[in-house]
Amino acid sequence: MKKEEVKKLGEKLTLKKKNAWFTLDRDAVFAYSKDYMNFIGKSVTERLAVRHLVDLLRENGFKPLSSFEEGGVKKGDRIYITKGGKALIAAVIGEDLKDGIDMVAAHLDAPRLDLKPSPLVEDSGLAMLKTHYYGGVKKYQWLNIPLAFVGTVVKSNGESVDVSIGMSSDDPVFVISDILPHLDNREGDFRKVFQGKDLNAMSGSIPITDVKDFENPVKLMFLNLLYEKYGLVEEDFFSADIQLVPAIEPREVGLDRSMIGAYAHDDRVCSYTAITALKDMSTINKPKRTAMVLLFDREEIGSEGVTGAKGRFWVAFIEKLLNLSGEKGLYEIDFLLEKSRMISGDVAAGFDPTFKDAHDQANAARLGYGIAILKYTGSRGKSGTSEASAEFMGYVRNLLNEKGVHWQSTILGEVDRGGGGTVAKFFAERGVTVVDAGTAVFGMHSPFELLSKADLYETYRAYKTFLEGGNV
């Protein structure tokens, strides 16, 4: 074959991954990224994320489900519901619910340090907060960084109080101190060297009184300051959801400002892109198929609990929609889910050239190459994965190609290296056709994760295209 013929054959037959920066509208990418940075900087807990996203939905015509309970629902209605302040579902109603739903699911929780039920102790003249880590963390990454004290407390009189100390520039912060290298003789596996029981945050050192033999005067000073600011007493910790989260503002990364560093990209990036895709979706002649976004809590610890994907609140929401649209019965929802399609939106492991051996380079997500699509997750012999079918992979691939959305295929690391899962399998168990797709991230589960602005934008475009897929 001639050289020119070989070249044409290569262009026809081989897959060429394309850097999204070559063709994207950079002004649009940077504008969208600015809004996202504003969201991720304020949404340091799942409760705060829900509140900010609800505000965004309400600004764009979405109303709570309770607003529709008398008059029913009809094509074009924009509806949302929250659960426990930690989970959120939003939908745009289509022509006939029985035709199925196009869904994007993601999760709002992120690795962090939760306060124990009785967290405050005094030791050697220091007040300290005892924590229990949540999700898969490298414990050493949480040492000697500024931490904020953020959450919600229910007092003995039933009053709910939001607390936030450390997120403002003039606030004090909390720190888990590490031992100096001069005295550190620890050796061995870092997962054993750094233990969860040692994640105690420095919280105060001034005693409230100089009276001799007064018990725990530094602890009492902490409690007094907390009482003056929020009216809380020590027993209120028992009915509190308080987290220690990184007190680190989102920042643009790289001289070209092409990346964003922030806490909790995993998985609030997919939550934000999904909600903005839903609110912005084109509904020419109003939607034919119902579009829905489901944002869960508890994914990092197995999706357990009433606000997790294993909970029933999302099923109850769809059943309610069926009832309000004139359909009733368990058969209808099972039949409906069998006709439904989903993208399980969760972040992917970005290929870091410093750690090449952790990835299969031919199947690794590159920063700047668009949304990463995972046919399967799981670990070892594909354990714990739902795995998307060839037919559904073909549908998604062709849909994105038609709209010019940059995408790439990926897997979660080299075979037998590790693994992980998403909420996809819980929906597959109910009959929903599902595939995983999300933004590639560096430093996943660390206090300061990195992503590409181009991938952020293409995740938004991909979700929007998918939600519009049955409509335009």
Side-chain angles (χ1 to χ4, degrees), residues 32 34-69 73 76-93 101-110 112 150-154 159-164 167 241 243 245 250 262-281 283 287 290-299 305-309 311-318 320-321 324 345-346 423 456 459-460 463-464 467:
Y32 185 84
K34 183 178 180 180
D35 290 339
Y36 170 71
M37 289 179 69
N38 182 52
F39 163 77
I40 199 71
K42 296 185 298 184
S43 303
V44 294
T45 69
E46 63 276 12
R47 288 179 183 270
L48 290 173
V50 166
R51 292 176 193 177
H52 294 313
L53 292 175
V54 165
D55 287 345
L56 190 60
L57 289 171
R58 292 175 71 91
E59 290 169 4
N60 286 273
F62 287 78
K63 298 178 181 179
L65 178 63
S66 58
S67 301
F68 297 87
E69 292 181 345
V73 298
D77 283 341
R78 296 185 157 210
I79 303 171
Y80 76 88
I81 189 173
T82 63
K83 181 66 175 179
K86 299 181 180 182
L88 168 66
I89 305 176
V92 178
I93 304 301
I101 305 172
D102 288 333
M103 298 180 274
V104 177
H107 67 93
L108 290 160
D109 60 317
R112 61 181 187 256
V150 184
T152 298
V153 183
V154 177
E159 179 188 358
S160 180
V161 178
D162 293 329
V163 298
S164 179
M167 294 307 299
D241 290 336
Q243 307 170 12
V245 297
Y263 166 62
H265 286 321
D266 180 13
D267 186 36
R268 290 173 194 149
V269 60
C270 294
S271 298
Y272 180 82
T273 49
I275 287 292
T276 52
L278 184 70
K279 79 174 180 64
D280 293 342
M281 63 178 283
T283 51
T290 296
M292 186 177 294
V293 170
L294 306 95
L295 306 181
F296 296 104
D297 183 25
R298 318 292 288 176
E299 190 275 346
V306 295
T307 52
R312 200 181 179 279
F313 77 95
W314 67 271
V315 179
F317 175 73
I318 296 175
K320 186 73 171 179
L321 292 182
L324 290 172
D346 209 341
V423 301
L456 165 72
T459 300
Y460 158 74
Y463 292 166
K464 183 171 178 285
L467 293 172

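Within the 4.5 Å cutoff, side-chain heavy atoms of Leu108 are placed close to those of Leu53. A 4.5 Å side-chain heavy-atom check between Arg58 and Tyr80 finds at least one atom pair inside the cut-off. Considering only heavy atoms from C-beta on, Val92 comes within 4.5 Å of Met281 through its side chain. Using a 4.5 Å heavy-atom cutoff, the side chains of His107 and Leu295 are not in contact. Contact of the Tyr36 side chain with the His265 side chain is registered, since non-hydrogen atoms from C-beta on lie closer than 4.5 Å. Counting heavy atoms from C-beta outward, Leu48 and Thr45 have side chains that approach closer than 4.5 Å. Residues Ile89 and Val293 form no side-chain contact, since every pair of their non-hydrogen atoms from C-beta on lies 4.5 Å or further apart. For the pair Lys320 and Val73, the minimum side-chain heavy-atom distance is 4.5 Å or more.
The six-membered or imidazole ring of Tyr272 lies near that of Phe39, with a centre-to-centre distance under 6.0 Å.
Looking at every heavy atom in both residues, Leu65 comes nearest to Ile79 through CA-CG2, 3.8 Å. Heavy-atom minimum distance, Asp266 versus Ala110: O-CB, 3.6 Å. Heavy atoms only, all atoms of each residue included: Asp267 and Gly345 are closest at OD2-O, 2.6 Å. The two atoms that bring Met167 and Val44 nearest to each other are CE-CG1, 3.5 Å, heavy atoms only. In this structure, Val423 and Glu299 approach most closely via the heavy-atom pair CG1-CG, 3.7 Å. Considering all non-hydrogen atoms of both residues, Phe313 and Ala87 come closest at CZ-CB, 3.5 Å.
Under the 4.0 Å criterion applied to side-chain N and carboxylate O atoms, Lys86 and Asp109 are not assigned as salt-bridge partners. Remark: Arg47 engages Asp241 in a salt bridge, criterion side-chain N to carboxylate O under 4.0 Å. A salt bridge between Arg51 and Glu46 is absent, with no side-chain N of the basic residue lying under 4.0 Å from a carboxylate O of the acidic one.
Once rounded to the nearest 0.5 Å, the distance linking CG of Asp102 with CE of Met292 reads 10.5 Å. Here the straight-line distance linking atom OG of Ser66 with atom CD1 of Ile81 works out to 8.5 Å at 0.5 Å rounding. Rounded to the nearest 0.5 Å, atoms OG1 (Thr290) and CD1 (Ile93) are 5.0 Å apart.
In this structure, a donor-acceptor pair under 3.5 Å is present between the side chains of Thr152 and Asp162. Using a 3.5 Å distance cut-off with no hydrogens or angles, the side chains of Arg112 and Tyr263 do not pair a donor with an acceptor. Side-chain contact, Thr276 with Tyr32: a donor N or O sits under 3.5 Å from an acceptor N or O.
Looking at Thr459, Leu456, Ile40 one by one, the single match for side-chain contact (heavy atoms from CB on, under 4.5 Å) with Val269 turns out to be Leu456.
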